[in-house]
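Okay, so here's the structure we're looking at.
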Amino acid sequence: MALLPLLFFPDPRLHTVAKPVPAVDGRIQTLVADMLQTMYEAKGIGLAATQVDVHERLIVIDVSEQRDQPVVLINPQLVWTSAETHLNEEGCLSVPGIYDGVERFDAVTVSALGVDGKSRVLQAEGLLSVCIQHEMDHLKGKVFVEYLSPLKRNRIKKKMLKAQREEAR
């Protein structure tokens, strides 16, 4: 397993639409293991392949308190969303230190392949539902700050660019 470098907003590669994973093979299983290690190391609860500059439809999530219940969704598709929505405070490994409210469905059902290549259907609510929606947005090339007002988004962009310049010194 290896730690993978994260992309940080406003990197344009975060806006790349991910392509379907053609086959769940050794390459994908290694990518899953590396993404899980990267997510755990970064203290995140979800990570999309887009965030590590791999533009394939793959996300890993673990919202368990013990950090021992990973969920792997390959080529995920939302098949149902609740009528109810809720404003949730969200953050993102690609936008460190920034948190803001985003409206999400309270519950979702998603179909996907698992790391074993077998099809599965997952019903989710609460934090898991929010995380699935957030990570699936990444696969569409969308970062959560795009739900915010242009003014807030611009401030975040300037703050992130400044932090990246300072870190490069």
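Positions are given from 1, in the same order as the sequence printed here.
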- Taking all atoms of both residues into account, what is the closest heavy-atom pair of Lys157 and Pro10, and its distance? CG-CG, 3.8 Å

- Between the side chain of Glu41 and the main-chain N/O of Thr38, is any donor-acceptor distance below 3.5 Å? no

- Item | Contact summary for Ser94 and Leu14, nearest pair of heavy atoms | OG-CD2, 3.9 Å

- Message: Quick one, Val108 and Thr81 - any side-chain contact, counting heavy atoms below 4.5 Å?
- Response: yes

- Query: What pair of heavy atoms forms the shortest contact from Ala124 to Ile132, and how long is it?
  - Reply: CB-CD1, 3.8 Å

- Message: Using modelled atom types and a 3.5 Å cut-off, is there a donor and acceptor pairing between side-chain atoms of Asp25 and backbone atoms of Ile28?
- Response: yes

- Note on the structure: Smallest heavy-atom separation, Ser64 atom then Asp68 atom, equals OG-N, 3.1 Å

- Item | Spacing of Ile59 atom CD1 and Leu47 atom CG [to the nearest 0.5 Å] | 10.0 Å

- Message: Are the side chains of Cys92 and Gln51 in contact, using a 4.5 Å heavy-atom criterion?
- Response: yes

- Message: Ignoring hydrogens, what is the shortest heavy-atom contact between Gly114 and Val24? Give both atom names and the distance.
- Response: O-CG1, 4.1 Å

- Sub-4.5 Å side-chain heavy-atom contact between Asp100 and Val145: no

- Find out if a path of hydrophobic residues (ILVMFWY) with successive side-chain heavy-atom gaps under 4.5 Å connects Leu36 to Val21. yes

- Query: For Arg67, does the CZ atom have more than 12 heavy-atom neighbours from other residues, nucleotides or ligands under 6.0 Å away?
  - Reply: yes

- Query: Any Lys/Arg nitrogen of Glu56 or Arg27 sitting under 4.0 Å from an Asp/Glu carboxylate oxygen of the other?
  - Reply: yes

- Message: Around atom CD of Glu65, are there more than 12 heavy atoms from other residues, nucleotides or ligands closer than 6.0 Å?
- Response: no

- Would you say Ile74 and Val52 are hydrophobically clustered, going by side-chain heavy atoms of ILVMFWY under 4.5 Å? yes

- Rounded distance [0.5 Å steps], CG in Leu139 versus OG1 in Thr16: 11.5 Å

- Task: Please check if Val54 and Leu113 belong to a single hydrophobic cluster, counting links between Ile, Leu, Val, Met, Phe, Trp and Tyr side chain heavy atoms closer than 4.5 Å.
- Result: yes

- Option passing side-chain hydrogen bond (donor to acceptor under 3.5 Å, both in side chains) with His15 (candidates Lys142, Glu146, His138): Glu146

- Query: Is there a donor-acceptor contact under 3.5 Å from the side chain of Gln29 to the main chain of Val115?
  - Reply: yes

- Task: Mind checking the CG-CD1 spacing from Leu127 to Ile45? Nearest 0.5 Å is all I need.
- Result: 4.0 Å

- Query: Do the non-hydrogen side-chain atoms of Val32 and Leu58 ever get within less than 4.5 Å of each other?
  - Reply: yes

- Query: Is a salt bridge present between Arg104 and Asp137, judged by a nitrogen-to-oxygen distance below 4.0 Å?
  - Reply: yes

- Less than 4.5 Å apart, any side-chain heavy atom of Leu87 and any of Glu103? yes

- Message: Are Leu7 and Phe9 linked, directly or through intermediate hydrophobic residues, by side-chain heavy-atom contacts shorter than 4.5 Å (ILVMFWY only)?
- Response: yes

- Quick one: pull up CD1 in Ile61 and CD in Gln69 and give me the separation to the nearest 0.5 Å. 13.0 Å

- Task: Would you mind reporting whether Val71 and Arg120 have side-chain heavy atoms less than 4.5 Å apart?
- Result: yes

- Under 3.5 Å, is there a donor-acceptor pair between the side chain of Asp34 and the main chain of Ala2? yes

- Message: For the CD atom on Glu167, are there more than 12 heavy atoms of other groups (residues, nucleotides or ligands in this structure) within a distance under 6.0 Å?
- Response: no

- Any chance you could lay out the side-chain contact (heavy atoms from CB on, under 4.5 Å) test for Gln133 and Val102, step after step, and finish with the verdict? CA-CA 11 Å; Gln133 294 170 75; Val102 177; over 6 Å; no

- Does any non-hydrogen side-chain atom of Gln123 lie less than 4.5 Å from one of Ser129? no

- Joint hydrophobic cluster, Phe8 plus Tyr147, side-chain heavy atoms closer than 4.5 Å: yes

- Is there a side-chain contact between Val110 and Met136, using heavy atoms and a 4.5 Å cut-off? yes

- Item | Glu135 side chain to Ala48 backbone, donor-acceptor under 3.5 Å | yes

- Task: Any chance you could measure Asp53, atom CG, to His55, atom NE2, to the nearest 0.5 Å?
- Result: 4.0 Å

- Message: Does Gln164, at its CD atom, have more than 12 non-hydrogen atoms belonging to other residues, nucleotides or ligands within less than 6.0 Å?
- Response: yes

- Item | Exam field: side chain Asp11 to backbone Arg13, donor-acceptor pair closer than 3.5 Å | yes

- Of the non-hydrogen atoms in Asp106 and Thr85, which two are nearest, and what is the gap between them? OD1-C, 3.3 Å

- Glu84 side, atom CD; Phe105 side, atom CZ - distance, nearest 0.5 Å: 10.5 Å

